[in-house]
Amino acid sequence: MPMFEAQETWRNFPKVELHVHIDCSLSYRAVRDLSPGTRLADWRNTFIGPTRCEDLVEFLVCVDPAIALMQTKQAVALAVDDMVDQLAADNVRYAELRFAPLLHTREGLAPELVVETALEAMHKAAERDGITCRMILCTLRHYTEAETLLTADLALRYADQGVVAMDLAADENSHPLDAHIAGYAKLRAEGLDVIAHAGEAKGADSVHETLEKLGVSRIGHGVRSIEDPAVVDMLGERGVHLEVCPTSNIQTAVFADFADHSVQALRDAGLSIGINTDGRTVTNTTLSAEYLALERTFGWGREAFRDANLAALAASFAPAEVKDALAREIRTAYSA
Ligand SMILES: [Zn+2]
């Protein structure tokens with residue numbers, strides 16, 4: 001058998017990434033800066049997750065070492081700066097970075113300072129690297145109503161400084177939505193965008209429940225929606241965008257491999273889908289690598305990736321002028 005030959009070098013194409021966690025993306029360089037003496041092998045063993053975890057819970061444990069490091073102003077700023085550099089190297093032109101600010105207060109940082117530090121680092125790095133970035137603040141499934149309301153208040157407070165939405169992350173299986181409904185309702189009433197992870201560790205009913213109870217415009221993953229045609233219809237009718245992260249779903253044992261992944265069926269169903277990494281270090285991937293795997297598995301070419309990038313851009317919380325300019329850039333690049 002001849003080796004598969006890629007038709008395109010996907011790194012060169014302009015891309016949009018809406019679903020990437022800062023704490024899942026610490027590069028070796030960043031870890032070595034924060035923790036001098038760390039060897040490459042140590043970083044690999046500690047920060048990159050197994051190719052195949054038992055489930056989402058095992059995957060989430062792999063994020064702990066990065067969280068433990070990111071407890072100072074300097075560390076938060078460096079992690080964000082490093083993330084933007086990695087996006088630029090992957091030719092991501094517009095990105096929404098996400099993290100949970102309350103995870104970074106263990107050593108006494110005030111939540112406001114965590115967000116301000118991340119925003120300042122993001123804006124500085126984005127300008128230096130010539131890309132556009134916005135920030136999403138995550139609340140977590142196991143958080144109390146008070147913690148979600150606090151995260152919602154942070155999102156509102158910094159909405160004019162680059163925060164564009166609140167997300168709900170972490171273990172979908174063990175924690176219901178109840179504690180988060182008030183925070184989401186508050187943000188919707190204030191006109192701030194809300195999104196959530198769903199349909200990853202749990203099935204299509206979880207996507208349905210999240211749409212009904214949280215009123216989100218985008219779902220992180222949502223890949224198990226395919227299990228219920230009624231949920232697929234609902235996503236289509238409401239124009240809900242799915243932030244699909246293929247390798248991450250294989251890593252957390254949602255699918256056996258790329259060929260088994262629902263992304264092709266979701267595209268065939270006409271849903272709005274985009275392609276994302278979820279985390280560049282824990283999942284050990286880039287968008288260019290995800291594109292190559294999709295090309296290899298499903299024969300996706302310029303048309304499919306143009307559609308995915310335009311769908312992500314339309315569902316993004318970018319300013320209108322950024323959307324217009326980048327849509328033109330994407331159309332040109334993928335049709336050339
Ligand atoms: Zn995620």
Side-chain angles (χ1 to χ4, degrees), residues 10 13-22 25 80-81 83-99 115 118-138 154-169 187-188 190-197 215-222 238-245 271-278 280 286-288 290-291 305-335:
W10 295 115
F13 286 78
K15 301 176 204 71
V16 173
E17 181 160 29
L18 302 184
H19 191 132
V20 60
H21 296 259
I22 298 164
S25 303
V80 173
D81 183 272
M83 168 91 271
V84 174
D85 259 357
Q86 292 179 61
L87 293 164
D90 207 10
N91 206 12
V92 172
R93 306 284 302 123
Y94 173 79
E96 291 172 6
L97 325 183
R98 63 182 76 189
F99 80 129
V115 178
L119 284 172
E120 192 189 332
M122 177 183 80
H123 290 307
K124 221 170 109 187
E127 193 177 332
R128 175 193 67 212
D129 292 348
I131 73 175
T132 306
C133 294
R134 293 292 184 271
M135 189 76 76
I136 294 168
L137 303 186
C138 303
L154 287 169
L156 278 177
R157 176 162 176 182
Y158 295 99
D160 62 349
Q161 293 175 47
V163 173
V164 287
M166 182 166 78
D167 172 41
L168 175 63
L187 288 186
R188 288 200 316 274
E190 297 278 353
L192 198 79
D193 285 295
V194 287
I195 62 175
H197 285 63
V216 296
S217 62
R218 290 179 359 208
I219 296 273
H221 303 290
R238 297 189 184 187
V240 174
H241 177 78
L242 300 185
E243 303 156 359
V244 179
C245 313
L271 296 187
S272 170
I273 55 162
I275 303 302
N276 305 271
T277 60
D278 206 5
R280 286 162 177 265
T286 61
L287 266 192
S288 304
E290 297 297 309
Y291 285 24
F305 291 118
R306 181 202 61 201
D307 293 349
N309 277 290
L310 290 176
L313 187 62
S316 77
F317 307 126
E321 63 275 15
V322 172
K323 284 190 179 184
D324 292 346
L326 188 49
R328 278 195 299 275
E329 190 183 332
I330 288 167
R331 283 204 178 86
T332 305
Y334 286 85
S335 65

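Just so it is clear, the model here is predicted, and its values are computed rather than measured.
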Spacing of CG belonging to Asp307 relative to CD1 belonging to Ile275, to within rounding of 0.5 Å: 11.0 Å
Gln86 side chain to Ser25 main-chain N or O, any donor-acceptor pair under 3.5 Å? yes
Heavy atoms of Ala312 and Leu18 approach each other most closely as O-CD1, 3.3 Å
Neighbour count above 12 (heavy atom, 6.0 Å) for Gln161 CD: yes
Looking only at heavy atoms, which two atoms of Cys133 and Val84 are closest? And how far apart? SG-CG2, 4.2 Å
Which distance, rounded to the nearest 0.5 Å, do you find between the CG of Leu326 and the CD of Glu321? 12.0 Å
Should Asp81 and Lys124 be marked as a side chain to side chain contact (heavy atoms under 4.5 Å, CB included) after you check the CA-CA gap, both sets of side-chain angles, and the distance that decides it? CA-CA 8 Å; Asp81 183 272; Lys124 221 170 109 187; 6.0 Å; no
What's the shortest heavy-atom distance between Ala169 and Asp167, and which atoms? CB-OD2, 4.0 Å
Quick one: does any side-chain atom of Glu96 pair with a main-chain N or O of Phe317 as donor and acceptor, under 3.5 Å? yes
Identified side chain to side chain contact (heavy atoms under 4.5 Å, CB included) partner of His221 from the options Asp278, Leu242, Val244: Asp278
Measure the acute angle between the ring planes of His197 and His19, then classify it against the limits of 30° and 60° as parallel, tilted or perpendicular. perpendicular
Nearest heavy-atom neighbours spanning Asp129 and Ala88: CB-CB, 3.8 Å
Report, as yes or no, whether the 6.0 Å neighbourhood of atom CD on Glu329 holds more than 12 heavy atoms from other residues, nucleotides or ligands. yes
Nearest 0.5 Å please: distance from the SG atom of Cys138 over to the NE2 atom of His21. 5.5 Å
Quick check: does any side chain N or O of Arg218 sit under 3.5 Å from a backbone N or O of Ala315, one acting as donor and the other as acceptor? yes
Got Val240 and Ser272 here, is their nearest side-chain heavy-atom distance under 4.5 Å? no
Is it true that a side-chain atom of Asp193 and a backbone atom of Ala165 form a donor plus acceptor pair closer than 3.5 Å? no
In sequence, state the C-alpha distance, the side-chain angles, and the governing distance for Arg280 and Leu287, and then conclude on side chain to side chain contact (heavy atoms under 4.5 Å, CB included). CA-CA 9 Å; Arg280 286 162 177 265; Leu287 266 192; 3.8 Å; yes
Closest heavy-atom pair and its distance - Tyr94, Ala318: OH-N, 3.3 Å
Which distance, rounded to the nearest 0.5 Å, do you find between the CD of Glu243 and the CD1 of Ile219? 8.5 Å
What are the two closest heavy atoms between Ala327 and Leu313, and how far apart are they? N-CD2, 3.4 Å
Do Glu17 and Thr277 have side-chain heavy atoms sitting under 4.5 Å apart? yes
Are side-chain heavy atoms of Leu97 and Leu87 found at a separation under 4.5 Å? yes
Pair Glu290 + Lys15: basic N to acidic O under 4.0 Å: no
Keeping Asn276 on the side-chain end and Cys245 on the backbone end, is there a donor-acceptor pair under 3.5 Å? no
Decide yes or no for Val163 and Arg157: does some side-chain heavy atom of the first lie under 4.5 Å from some side-chain heavy atom of the second? no
Please report the C-alpha distance between Arg306 and Ile330 in whole Å, then the side-chain angles of each, then the deciding distance to 0.1 Å, and finally whether the side chain to side chain contact (heavy atoms under 4.5 Å, CB included) criterion is met. CA-CA 7 Å; Arg306 181 202 61 201; Ile330 288 167; 4.2 Å; yes
Run the ring-centre check on Tyr291 versus Phe305 and record whether the distance is less than 6.0 Å. yes
Would Asn91 and Arg93 count as a side chain to side chain contact (heavy atoms under 4.5 Å, CB included) here? Give the steps. CA-CA 6 Å; Asn91 206 12; Arg93 306 284 302 123; 3.5 Å; yes
Find out whether Pro14 and Tyr334 are in side-chain contact, i.e. whether some heavy atom of one side chain is under 4.5 Å from a heavy atom of the other. yes
